[in-house]
Participant: 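Take a look at the following structure, please.
Numbering of residues begins at 1 and proceeds along the displayed sequence.
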Amino acid sequence: MLISWNITKACNLVCEHCYRDAGAAQKDELTLEEGKKLLFDLKELGFKIVIFSGGEPLLRSELFDWIKYAKSLGLISVLGTNGTLLDLACAQKLKQAGLKRAGISLDSVDPTRHDAFRCVQGCWQKSIEGMKHCKDAGLEFQVHTTVTTKNINEVLAITDLAQELGAEAHHIFFLVPTGRGKDIDNVIPSAAEYERLLGEILEKQKSVKLELKPVCAPQFMRIAAEKKIKTRFNKGCLSGVSYACVLPNGDVHPCPYMPIHLGNVRELGFKKIWQENKVLNDLRKMAWQGKCGICEYKKMCSGCRATAYFQTGGNYLGEDTNCNYEPKRKRDSQSIAI
């Protein structure tokens with residue numbers, strides 16, 4: 001079980017796809033003690049991993065205290081950062097606090113294309129330097145890439161660069177149009193392009209040491225099963241089942257890309273939200289609609305619930321049309337009709 005905690009909305013970049021529409025900090029972001037209460041509740045509920053994210057989490061001075069406290073509880077802390085603020089001293093401080101791994105964004109092997117996507121000149125070089133500082137500090141790091149039509153053909157080249165730099169993993173995020181991402185939804189690849197890339201990622205895993213993980217593309221579980229490729233993962237979409245997101249002000253969403261307000265930890269406490277919320281209980285029942293509901297792979301895949309939410313105008317149980325697979329049951333019924 002893992003939680004994504006956006007600890008601040010502040011950010012030093014203005015990425016065109018930002019799901020949190022980050023920029024300036026919110027006035028009502030959780031305090032140090034409120035954050036510790038959240039971490040304690042997560043431990044009590046059986047959560048194992050806390051992803052400290054943003055905005056840019058390195059802009060919150062409380063981050064290091066939260067990492068130390070999480071470690072004292074036995075929680076594993078990881079970081080989602082753009083990497084531009086990761087100098088050697090910062091990497092060493094994160095390591096000392098108990099951070100397990102830093103996830104650093106890199107969207108192209110070409111500095112110009114990456115900088116254009118992140119909207120700040122020079123940020124590619126700073127992200128690369130951040131990775132090198134992690135390596136020097138003995139802090140594990142992984143590379144995060146957001147896939148669009150602009151970079152879909154260089155994803156595996158980014159994998160090669162990540163391995164060359166010493167990354168432990170390359171997590172490949174398939175864009176969900178939320179936040180500022182709604183303004184660039186015309187760059188979302190087609191279902192066929194996704195299918196091709198997912199197959200290529202799984203084949204690439206055979207030849208590289210670092211872990212490759214598609215994110216918000218749970219169809220990779222079905223493709224892996226079809227290709228008889230073993231992965232350490234046992235479920236595609238985790239939203240609401242073993243995963244949720246806490247926003248800077250304490251609001252809780254089923255995942256970072258599905259803006260359904262489930263409650264606020266200040267008002268209800270995370271335990272009550274996690275255990276009693278109707279949306280979360282719906283997601284756990286897996287009563288999917290459309291072809292997701294009749295798919296023989298639905299338990300291992302579930303479809304991307306955030307993508308279904310946006311494609312259907314708010315139905316988080318709906319069909320994920322980013323998948324072009326036709327379930328066997330649907331194929332059989334079409335054959336009978338013919």
Participant: Does either side chain, that of N322 or that of Q311, offer a donor lying less than 3.5 Å from an acceptor on the other one?
Facilitator: yes
Participant: Hey, is CD on Q121 packed in by over 12 heavy atoms from elsewhere, all under 6.0 Å?
Facilitator: no
Participant: Do any pairs count as a ring pair (Phe, Tyr, Trp, His ring centres under 6.0 Å) and have a residue in residues 55-76, sequence neighbours left out, and if so which ones?
Facilitator: W5-W66
Participant: Salt bridge check, D41 against K37: does any charged N sit closer than 4.0 Å to a carboxylate O?
Facilitator: yes
Participant: Following the transitive rule for hydrophobic clusters with a side-chain heavy-atom cut-off under 4.5 Å over Ile, Leu, Val, Met, Phe, Trp and Tyr, establish whether V147 and V208 coincide in one cluster.
Facilitator: yes
Participant: At what distance, to the nearest 0.5 angstrom, does CZ of R180 lie from CG of D21?
Facilitator: 5.0 Å
Participant: List the residues meeting side chain to side chain donor-acceptor pair (under 3.5 Å) with K36, not counting sequence neighbours, and say none if there are none.
Facilitator: none
Participant: Which residue pairs satisfy the ring pair (Phe, Tyr, Trp, His ring centres under 6.0 Å) criterion with at least one member in residues 175-211, sequence neighbours excluded?
Facilitator: F174-Y194
Participant: Taking the six-membered ring of F233 as reference, does the cationic atom of K213 (NZ for Lys, CZ for Arg) lie under 6.0 Å from its centre and within 45° of its axis?
Facilitator: yes
Participant: Which residues satisfy the side chain to side chain donor-acceptor pair (under 3.5 Å) test with S302, sequence neighbours excluded?
Facilitator: K235
Participant: State which residues pass side chain to side chain donor-acceptor pair (under 3.5 Å) with Q275; sequence neighbours excluded, sorted by chain then number.
Facilitator: none
Participant: What's the spacing between L30 CG and T8 OG1 if we round to 0.5 Å?
Facilitator: 10.5 Å
Participant: Only counting residues at least two apart or in another chain, list the ones meeting salt bridge (Lys or Arg N to Asp or Glu O under 4.0 Å) with K48.
Facilitator: none
Participant: Output all residues satisfying side-chain contact (heavy atoms from CB on, under 4.5 Å) with Q142, sequence neighbours left out; order by chain, then residue number.
Facilitator: R101, H144, A169, H171
Participant: Tell me, which pairs form a ring pair (Phe, Tyr, Trp, His ring centres under 6.0 Å) where one or both residues lie in residues 81-104, sequence neighbours left out?
Facilitator: none
Participant: Going by distance alone, is a donor N or O of one side chain under 3.5 Å from an acceptor N or O of the other, for N151 and D107?
Facilitator: no
Participant: Out of curiosity, N153 CG to L197 CG, how far, rounded to the nearest 0.5 Å?
Facilitator: 9.0 Å
Participant: Is R232 salt-bridged to E211, going by a charged N under 4.0 Å from an acidic O?
Facilitator: yes
Participant: Working to the nearest 0.5 angstrom, can you tell me the gap between N249 CG and E34 CD?
Facilitator: 10.0 Å
Participant: For the atom pair CG (D320) and SG (C301), what is the distance rounded to the nearest 0.5 Å?
Facilitator: 7.0 Å
Participant: Do other residues, nucleotides or ligands put more than 12 heavy atoms under 6.0 Å from K9 NZ?
Facilitator: yes
Participant: Just list the side-chain donor-acceptor pairs under 3.5 Å for residues 76-91, sequence neighbours left out, or say none.
Facilitator:
{"from": "T81", "atom 1": "OG1", "to": "E56", "atom 2": "OE1", "distance (Å)": "3.0"}
{"from": "T81", "atom 1": "OG1", "to": "E56", "atom 2": "OE2", "distance (Å)": "2.9"}
{"from": "T81", "atom 1": "OG1", "to": "G83", "atom 2": "N", "distance (Å)": "3.0"}
{"from": "N82", "atom 1": "OD1", "to": "T84", "atom 2": "N", "distance (Å)": "3.0"}
{"from": "N82", "atom 1": "OD1", "to": "T84", "atom 2": "OG1", "distance (Å)": "2.7"}
{"from": "N82", "atom 1": "ND2", "to": "N12", "atom 2": "OD1", "distance (Å)": "3.0"}
{"from": "N82", "atom 1": "ND2", "to": "E56", "atom 2": "OE1", "distance (Å)": "3.1"}
{"from": "T84", "atom 1": "OG1", "to": "N12", "atom 2": "ND2", "distance (Å)": "2.8"}
{"from": "D87", "atom 1": "OD1", "to": "A89", "atom 2": "N", "distance (Å)": "3.4"}
{"from": "D87", "atom 1": "OD1", "to": "C90", "atom 2": "N", "distance (Å)": "2.8"}

Participant: Give the minimum heavy-atom separation between R266 and D28, together with the two atoms involved.
Facilitator: NH1-O, 2.9 Å
Participant: Might you confirm whether atom NZ of K204 has over 12 heavy atoms from other residues, nucleotides or ligands at distances under 6.0 Å?
Facilitator: yes
Participant: If you round to the nearest 0.5 Å, how far is OH of Y257 from CG of L175?
Facilitator: 9.0 Å
Participant: Which residues pass the side chain to side chain donor-acceptor pair (under 3.5 Å) test with K271, not counting sequence neighbours?
Facilitator: none
Participant: Side-chain donor-acceptor pair under 3.5 Å between E319 and T312, yes or no?
Facilitator: no
Participant: Quiz question: by atom type and distance under 3.5 Å, do the side chains of T145 and H170 form a donor-acceptor pair?
Facilitator: yes
Participant: Could you report the tightest heavy-atom contact between K298 and M286, atom names first, then the distance?
Facilitator: NZ-O, 3.8 Å
Participant: Before we go on, tell me: are the rings of F270 and F47 under 6.0 Å apart, centre to centre?
Facilitator: yes
Participant: Hey, could you give me each pair passing ring pair (Phe, Tyr, Trp, His ring centres under 6.0 Å) that has a residue in residues 275-324? Not counting sequence neighbours.
Facilitator: Y297-Y325
Participant: Any idea which heavy atoms bring G98 and K71 closest together, and the distance?
Facilitator: CA-CD, 3.8 Å
Participant: Sequence neighbours excluded, which residues qualify as salt bridge (Lys or Arg N to Asp or Glu O under 4.0 Å) partners of E193?
Facilitator: none
Participant: Is any side-chain heavy atom of L283 less than 4.5 Å from a side-chain heavy atom of P254?
Facilitator: yes
